[in-house]
Amino acid sequence: MVTRRDLLTYTSFSMALAALGFTPLVFAEQRLKLADSVPFTFAGLIKQAKDSAKNPYVAPEKVPDSAVSSINYDVYSKVLYKPEYALFNEGVSRFPVTFFPVSSLHHLPVKMSVVENKRAREIIQNADYFTFPDNNQGVLSAVKGNVFSGFRVLEHQQSSENHGVKDWVSFLGASYFRAVGELEQFGLSARGIAVNTVFGDTKEEFPDFTHFWFETSEKDRDHLVVYALLDGPSVCGAYRFDMQRTKGVVMDVECSLFLRRDVGRLGIAPQTSMFWFSEMAKGSASDWRPEVHDSDGLAVWTGSDEHIWRPLNNPLQIRVSAFSDNNPRGFGLSQKQRKPDSYLGSAGYERRPDLWVEPKGDWGKGAVQLVEIPTDDEIFDNIAAMWVPEQPAKAGSEYQFSYRLHWLADEPYPSKLARCGITRMGRGGNPGAYKDHDARKFMVEFQGDVLEHLPADTHLDAVVTASRGTLKDIRVEKSPAGKGHWRTFFDLHAEGKEPVELRLYLKFGDKTLSETWMYQYLPFTSSPKPMQGV
């Protein structure tokens with residue numbers, strides 16, 4: 001094992017050798033087989049993506065079904081990467097990297113390289129790096145060439161023998177990746193790019209990260225830098241991820257994108273999650289648990305300094321909502337309900353991370369777009385959120401975006417105003433007097449220090465608007481839920497089946513006291529009219 005004294009002695013010498021084309025330290029430490037070194041810089045990777053976009057798309061060669069058909073979900077979950085072959089398992093890095101094999105779930109082999117001192121060496125991939133269940137080491141014998149489909153980053157060097165229990169980042173499949181939050185639980189995913197997600201009759205594209213480069217430094221052992229090349233029929237891209245393990249996970253992302261052809265909906269910093277049902281709207285006897293979701297709302301911090309909370313829906317048909325903005329300050333899908341009793345199951349939904357996008361630089365005009373897709377099971381991701389630039393994405397266009405991703409248990413920059421809490425919905429009117437069966441009653445709770453010391457008889461105004469229909473019986477009262485909790489009630493009568501866009505915030509005189517609650521009410525998902533008793 002290389003000692004710290006060895007490192008201090010060797011580092012200055014290795015830099016000199018690297019300049020002459022010799023193997024630097026990080027390469028020498030690996031048990032993995034490595035190819036010859038070649039020059040590498042992020043600027044060079046950007047040029048590679050730009051040049052590639054000028055040529056017709058050539059789909060990467062995937063592993064044939066016959067070669068990986070035996071590696072089904074059950075087998076795949078039991079495959080172990082041998083800890084002695086973990087990248088950065090010794091030496092300068094705090095975080096080892098292990099790899100996923102190709103399988104019947106993931107057919108695309110992905111190149112992997114190691115970077116130091118502006119030199120890169122590709123990892124020569126081998127099925128012998130894995131241990132397969134039932135000692136079936138020949139399960140990938142038919143695969144010629146690369147066998148890695150993705151990677152994961154472990155907490156520390158000693159955890160490489162814990163077989164992935166303590167991984168905190170993983171990249172696997174197309175341009176998908178995810179990280180644990182501060183509650184130590186994976187949940188929703190991010191993507192490098194979203195192309196034509198639910199855009200008319202146009203089929204959605206899923207560009208692939210086809211090559212990753214891993215760079216680490218003794219000077220900053222809390223960071224791991226990963227570069228990625230993205231390629232797809234409509235877009236090429238170069239990415240730099242600077243990943244840091246904090247109380248959650250923080251990723252600084254830089255990307256340069258080059259379009260081969262027109263894109264109808266180009267989603268920047270996209271994220272994908274699952275929302276089946278919540279206590280607000282749950283089908284009768286659909287499931288024994290009170291709530292099932294990875295995220296329950298979209299939070300937006302606009303360029304005009306407005307904080308918005310939008311609870312999610314599981315609609316009967318695909319819905320797309322757009323929140324127009326100019327230079328947004330942030331947005332993300334969140335899991336607001338953190339009580340285990342709200343879920344009851346063993347999936348750990350109460351610990352699923354929030355994912356907050358913090359734009360850097362000038363993002364200009366566009367919209368945070370929310371896509372909600374019907375689902376009847378928790379195994380399907382049916383929610384997407386992304387930034388879509390206002391200008392049409394035309395062939396030949398170039399984009400540069402920089403942003404920070406926060407994987408946490410709450411927004412990193414919460415509003416100082418009262419924040420939206422739970423939302424509930426039921427029949428309009430009052431108990432025993434439900435005369436208008438087309439009406440819906442809403443209860444929205446707000447909580448925060450700004451409300452904590454207000455006397456119960458304080459008159460607060462609820463500013464409620466609806467895109468159509470009639471609002472009545474609006475009132476605000478102190479909630480018995482605890483200090484600083486107030487709640488608003490209102491009834492909505494809206495005929496027909498068209499969605500109703502609702503908006504609400506609290507005021508005291510001329511002073512705004514709360515962030516803005518927004519919701520898309522779908523009348524055709526409401527309960528049928530009650531029948532007369534017998």
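Looking at H107, its side chain does come within 3.5 Å of a backbone N or O of V63 through a donor-acceptor pair. Using a distance-only test at 3.5 Å, with no hydrogens or angles considered, a donor-acceptor pair links the side chain of W168 to the main chain of L154. A distance-only check finds no donor-acceptor pair linking the side chain of D294 to the backbone of F275 [under 3.5 Å]. Judged by distance alone, with hydrogens and angles left aside, the side-chain atoms of T375 form no donor-acceptor pair with the main-chain N or O of W276 at under 3.5 Å. Listed for the D362 side chain is a donor-acceptor partner under 3.5 Å among the backbone atoms of G364. For the pair S149 (side chain) and P101 (backbone), a donor-acceptor distance under 3.5 Å is present. Remark: side-chain polar atoms of S295 are not paired, donor with acceptor, to backbone N or O of G297 under 3.5 angstrom. Proximity of a side-chain donor or acceptor of N382 to a complementary backbone N or O of I373 within less than 3.5 Å is detected. Counting only distance, with no hydrogens or angles, the side chain of E205 and the backbone of V195 share no donor-acceptor pair below 3.5 Å. With hydrogens and angles disregarded, no donor-acceptor distance shorter than 3.5 Å links the side chain of Q271 to the backbone of A190.
Between the side chains of T202 and R265, not a single donor N or O lies within less than 3.5 Å of an accepting N or O. Residues R152 and S170 have side chains that never bring a donor and an acceptor to within less than 3.5 angstrom of each other. Of the N and O atoms on the side chains of S415 and E515, not one donor lies less than 3.5 Å from an acceptor on the other residue. When only modelled atom types and interatomic distance are considered, Q337 and Y349 share no side-chain donor-acceptor pair under 3.5 Å. Remark: the E254 side chain and the Y403 side chain contain no N/O donor-acceptor pair separated by less than 3.5 Å. Side-chain polar atoms of S234 and R261 form a donor-acceptor pair below 3.5 angstrom.
At least one side-chain heavy atom of S113 sits less than 4.5 Å from a side-chain heavy atom of H211. Residues L333 and L355 form no side-chain contact, since every pair of their non-hydrogen atoms from C-beta on lies 4.5 Å or further apart. Using a 4.5 Å heavy-atom threshold, the side chains of K47 and T41 count as separate. Looking only at side-chain heavy atoms (C-beta outward), L408 and W356 stay at 4.5 Å or farther from each other. Residues V153 and D167 have side chains not in contact (no heavy-atom distance under 4.5 Å, counting atoms from C-beta outward).
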Original post:
Does the side-chain contact (heavy atoms from CB on, under 4.5 Å) test come out yes or no for L87 and T98, once each step is laid out?
Top reply: CA-CA 6 Å; L87 181 64; T98 63; over 6 Å; no
**OP:** Report the C-alpha distance between H293 and S278 in whole Å, list the side-chain angles of each, state the deciding distance to 0.1 Å, and finish with yes or no for side-chain hydrogen bond (donor to acceptor under 3.5 Å, both in side chains).
**Re:** CA-CA 7 Å; H293 47 74; S278 68; 5.5 Å; no
**OP:** Show your working on ring-ring contact (aromatic ring centres under 6.0 Å, His included) between W387 and F331 and close with a plain yes or no.
**Re:** CA-CA 9 Å; W387 173 256; F331 67 92; 7.2 Å; no
Original post:
Between V102 and F148, does a side-chain contact (heavy atoms from CB on, under 4.5 Å) hold up when you go through it step by step?
Top reply: CA-CA 6 Å; V102 290; F148 295 167; over 6 Å; no
**OP:** Verify salt bridge (charged side-chain N to carboxylate O under 4.0 Å, His left out) between R338 and D296, making sure each step is shown before the conclusion.
**Re:** CA-CA 11 Å; R338 293 295 182 186; D296 55 11; over 6 Å; no
Original post:
Between T423 and W517, is a side-chain hydrogen bond (donor to acceptor under 3.5 Å, both in side chains) present by the stated rule, with each step listed?
Top reply: CA-CA 9 Å; T423 299; W517 173 88; 3.0 Å; yes
Subject >> Test side-chain contact (heavy atoms from CB on, under 4.5 Å) applied to V263 and V235, step by step >> reply: CA-CA 9 Å; V263 173; V235 61; 5.7 Å; no
**OP:** Report the C-alpha distance between E184 and R352 in whole Å, list the side-chain angles of each, state the deciding distance to 0.1 Å, and finish with yes or no for salt bridge (charged side-chain N to carboxylate O under 4.0 Å, His left out).
**Re:** CA-CA 8 Å; E184 306 293 336; R352 301 297 167 115; over 6 Å; no
Subject >> CA sep, side-chain torsions, deciding dist, call: R419, E411, salt bridge (charged side-chain N to carboxylate O under 4.0 Å, His left out) >> reply: CA-CA 11 Å; R419 301 179 67 188; E411 299 174 32; 3.3 Å; yes
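The number of heavy atoms from other shown groups lying within 6.0 Å of CD (E398) is above 12. Surrounding CG of D449 are at most 12 heavy atoms belonging to other residues, nucleotides or ligands under 6.0 Å away. Other residues, nucleotides and ligands contribute over 12 non-hydrogen atoms within 6.0 Å of the CG atom of N55.
Shown here are the salt bridge (charged side-chain N to carboxylate O under 4.0 Å, His left out) partners of K62, two or more places apart in sequence or in another chain: there are none. Judged as a ring-ring contact (aromatic ring centres under 6.0 Å, His included), and not counting sequence neighbours, the contacts of W301 are H307.
In this structure, the ring of W213 has its center less than 6.0 angstrom from the ring center of F40. A distance below 6.0 Å separates the ring centres of F99 and Y81.
Among pairs with a residue in residues 297-309, those fulfilling salt bridge (Lys or Arg N to Asp or Glu O under 4.0 Å) read D305-R329, E306-R503, at least two apart in sequence or across chains.
Ring planes of Y129 and Y85: tilted class, angle from 30 to 60°. Between F171 and F177, the ring planes lie parallel to each other; the angle is under 30°, not in the 30° to 60° tilted range.
A salt bridge is defined here as a Lys NZ or Arg NE, NH1 or NH2 lying under 4.0 Å from an Asp or Glu carboxylate O, and K336 with E350 fails to meet this definition. A salt bridge is defined here as a Lys NZ or Arg NE, NH1 or NH2 lying under 4.0 Å from an Asp or Glu carboxylate O, and E501 with R310 fails to meet this definition. A salt bridge does not link R121 to D36: none of the charged side-chain nitrogens sits closer than 4.0 Å to a carboxylate oxygen.
With D252 as the fixed residue, the side chain to side chain donor-acceptor pair (under 3.5 Å) test singles out one of R404, R240, H223: R404. A ring-ring contact (aromatic ring centres under 6.0 Å, His included) with F151 holds for exactly one of F209, F100, F95, F212; it is F212. For the side chain to side chain contact (heavy atoms under 4.5 Å, CB included) with P207, the lone residue among L257, D231, L230 that qualifies is L230.
Taking the ring centre of F186 as origin, the terminal cationic atom of R178 falls inside the region bounded by 6.0 Å and 45° from the ring axis.
A distance of 6.5 Å separates CG in L32 from CG in L34, rounded to the nearest 0.5 Å. Summarising the geometry, atom SG belonging to C420 is positioned 13.0 Å from atom OH belonging to Y505; distances are rounded to the nearest 0.5 Å.
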